[in-house]
Protein chains: 2
Amino acid sequence: MVQAEKAEKQGSRAGAREDLERAIIDAAERVFAEAGFGGATMQAIADRCGLPKANLHYYFASKQQLYRRVVERIFHVWLEAADSFESSATPEVALRRYITRKMELSRTHRFGSKVWANEVMHGAPIIQDFLETTLRDWTESRARVIRRWIAAGSVRPVDPHWLLYMIWATTQHYADFAHQIETLNQGPLTDAQWDEATDTVCAIILRGIGLEGKA
Amino acid sequence: MVQAEKAEKQGSRAGAREDLERAIIDAAERVFAEAGFGGATMQAIADRCGLPKANLHYYFASKQQLYRRVVERIFHVWLEAADSFESSATPEVALRRYITRKMELSRTHRFGSKVWANEVMHGAPIIQDFLETTLRDWTESRARVIRRWIAAGSVRPVDPHWLLYMIWATTQHYADFAHQIETLNQGPLTDAQWDEATDTVCAIILRGIGLEGKA
DNA sequence: AATGATCTTGACTGAATGGTCAAGTCTGCT
DNA sequence: AGCAGACTTGACCATTCAGTCAAGATCATT
């Protein structure tokens, strides 16, 4: 068996290693989200995934390296989520899909979103390079698409950046400020409430840029 | 001179004390915003306001107590900002004023906003009581106003909560994610950009809830 | 000027924490 | 079976940090 085949086979050493690393990253994501980088301790992460602390350091050289992996992971989830943005037939469908997808991610990836927010709020000390390269490229490419829509007259003229920020802010708010929302709501949002919130966000934004009723 | 008069007179001991406390809170706000509660150190705060660390502990018993004061301060700034909400003649003016004011606060109170975001993201361990009392009351009172507008037919029917969350999220994003925005913008927003962003946010939201052109 | 209260500060302490290490255990291969 | 490399882990260390303290400086009042 060559190396590549070994690596693919689940249950093998390589597969087990991947599973373990993922379990550690899962635990770390949660702990970092709940305590921030400074407040999180390797011990807490170790406890959460039932491993001795020294074991974490076998897989991840340092706290910072583990943290970087966590941030990278959520960053890539964001990016993939945005693919539906371009592959849609009309601006209405594209935006509605994108917003809906981002709301789903806020629900399913609450902790990752928080870690990302934390990192950016603290000046992105770890992933500044991503902001300057991948995120900038991604943003400008979507901005161009939006400008095309505007030029075609489907969307009212706005600077695409302010629109994108609004979408990011609003959708991520449901993850990052989930605690506040749940306090005001006297409990977690129900399925129906998530749907309603998503519909409302779509409706306000689409209508706000002149797409009401066209979707 | 009785105690009350002493306390009022600036330059007196009481006045100097207030000044110092404010200076410490200013420094703390910045350091907490930049490093999070766990990452902030009393030494860093002391350095920033040029005081020996031991002195901070003379004015504030613990790091947590100092932190609480910081969070309380920004919280009250938020609340005051919202007064213009009710005192306006029409929904358009009220909302436009409120959004504009919140955008200004995101520009002038960037650090406070970040500390607040941090606190809420981590489950509001310190100010949970505020969320459950003051913030809930405030929110429900504004929600009632919005429902009245809806009943009067000025605003399209939406659950007021989703609308408020959208306003909070979008405006605070300009403070909390300032670093990301500035990276994408290749520099701080200019005065003109702030105005444009504010106008765009107002326009999308107002139009989104059926108030376009009425303001 | 004397006095008592308020304020200042360098030095210290105890606890927590990231990271290391060396002595083990397990796994898959021949 | 036996071996080599991968993995596990309890104990340990160096550092950092919140908070303390006691000796001294400063200030308002008489």
Side-chain angles (χ1 to χ4, degrees), chain A residues 1-25 27-28 31-32 34-71 125-126, chain B residues 1-25 27-29 31-32 34-71 122 125-126:
Chain A
M1 232 190 221
V2 295
Q3 200 55 34
E5 285 170 334
K6 269 197 220 162
E8 274 171 47
K9 190 182 170 193
Q10 212 60 331
S12 76
R13 256 193 152 102
R17 178 170 188 133
E18 267 172 38
D19 289 350
L20 243 185
E21 285 190 5
R22 186 166 47 247
I24 295 171
I25 293 178
V31 173
F32 282 131
E34 278 166 1
F37 180 81
T41 69
M42 293 297 274
Q43 189 61 59
I45 296 169
D47 290 349
R48 175 161 284 275
C49 55
L51 253 48
K53 180 169 69 96
N55 211 342
L56 264 59
H57 278 100
Y58 177 75
Y59 289 101
F60 300 93
S62 67
K63 184 183 178 185
Q64 206 178 94
Q65 206 165 104
L66 173 54
Y67 176 75
R68 190 175 222 276
R69 288 287 296 275
V70 171
V71 178
I126 310 289
Chain B
M1 229 190 221
V2 294
Q3 199 55 34
E5 285 169 334
K6 270 196 220 163
E8 275 171 45
K9 190 182 168 194
Q10 211 60 332
S12 75
R13 255 189 150 102
R17 180 172 186 131
E18 267 174 35
D19 288 348
L20 243 184
E21 285 189 3
R22 186 166 46 246
I24 294 171
I25 293 177
E29 181 174 276
V31 173
F32 282 132
E34 279 166 0
F37 180 81
T41 70
M42 293 298 271
Q43 189 60 59
I45 297 169
D47 289 349
R48 175 160 284 277
C49 55
L51 254 49
K53 180 170 70 99
N55 210 342
L56 265 58
H57 278 100
Y58 177 74
Y59 289 102
F60 300 91
S62 67
K63 184 183 177 184
Q64 204 176 97
Q65 207 167 101
L66 173 55
Y67 176 75
R68 190 175 221 275
R69 287 286 297 276
V70 171
V71 177
H122 298 344
I126 309 289

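Chain letters run A, B, ... following the sequence lines, proteins first, then strands; residues in each count from 1. Just so it is clear, the model here is predicted, and its values are computed rather than measured. Both backbone and side-chain heavy atoms feed into the values below; hydrogens, waters and symmetry mates do not.
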Quiz item: Within this structure, what is the CG-to-P distance between Leu56(A) and dT20(C), rounded to whole angstrom?
Solution: 13 Å
Practice problem: Could you work out which one of dT8(C), dT9(D), dG19(D) sits closest to the side chain of Ser62(B)? | Solution: dG19(D)
Practice problem: Using atom CG of Asn55(A) as one end and atom C1' of dA23(C) as the other, report the distance to the nearest whole Å. | Solution: 15 Å
Exercise. Determine, stepwise, if the pair Leu56(B) / Ile45(B) fulfils side chain to side chain contact (heavy atoms under 4.5 Å, CB included).
Key: CA-CA 9 Å; Leu56(B) 265 58; Ile45(B) 297 169; 3.7 Å; yes
Self-check item: Nucleotide nearest Tyr59(A) (side chain, heavy atoms from C-beta), chosen from dT9(C), dC7(D), dT20(C)
Solution: dC7(D)
Exercise. Just call it for Phe60(B): base, sugar-phosphate, or nothing, with non-hydrogen atoms closer than 4.0 Å on any strand.
Key: nothing
Practice problem: Rounded off to whole Å, could you give me the NZ-to-C1' distance for the Lys63(A) and dA16(C) pair? | Solution: 12 Å
Quiz item: Distance-only, no hydrogens or angles: does the Lys53(A) side chain make a donor-acceptor pair with backbone N or O of Thr41(A) under 3.5 Å?
Solution: no
Quiz item: Taking OP1 and OP2 of dC7(D), is either one under 4.0 Å from a side-chain nitrogen or oxygen of Arg17(A)?
Solution: yes
Quiz item: So, are Glu21(A) and Arg17(A) salt-bridged, with charged N and O less than 4.0 Å apart?
Solution: yes
Quiz prompt | Touch class at under 4.0 angstrom, heavy-atom based, for Ala40(A) against every strand present | solution = sugar-phosphate
Quiz item: OP1 or OP2 of dT8(D) sitting under 4.0 Å from any side-chain N/O of Tyr58(A)?
Solution: no
Quiz item: Rounded to the nearest Å, what distance is computed from the NE2 atom of residue His57(B) to the P atom of nucleotide dG10(C)?
Solution: 16 Å
Quiz item: Gln65(B) has an atom CD; how far is it from atom P of dA18(D), in whole Å?
Solution: 15 Å
Practice problem: Carefully, step by step, assess Leu51(B) and Ile24(B) under the rule side chain to side chain contact (heavy atoms under 4.5 Å, CB included). | Solution: CA-CA 9 Å; Leu51(B) 254 49; Ile24(B) 294 171; 4.0 Å; yes
Exercise. Using atom NZ of Lys53(A) as one end and atom C1' of dC12(D) as the other, report the distance to the nearest whole Å.
Key: 10 Å
Practice problem: Specify the separation, in whole Å, of atom CD of Glu21(B) and atom P of dT6(C). | Solution: 14 Å
Quiz item: To the nearest Å, how far apart are Leu51(A) CG and dT9(D) P?
Solution: 7 Å
Quiz item: Using 30° and 60° as the class limits, which term best fits the ring planes of Phe32(A) and Phe37(A): parallel, tilted or perpendicular?
Solution: parallel
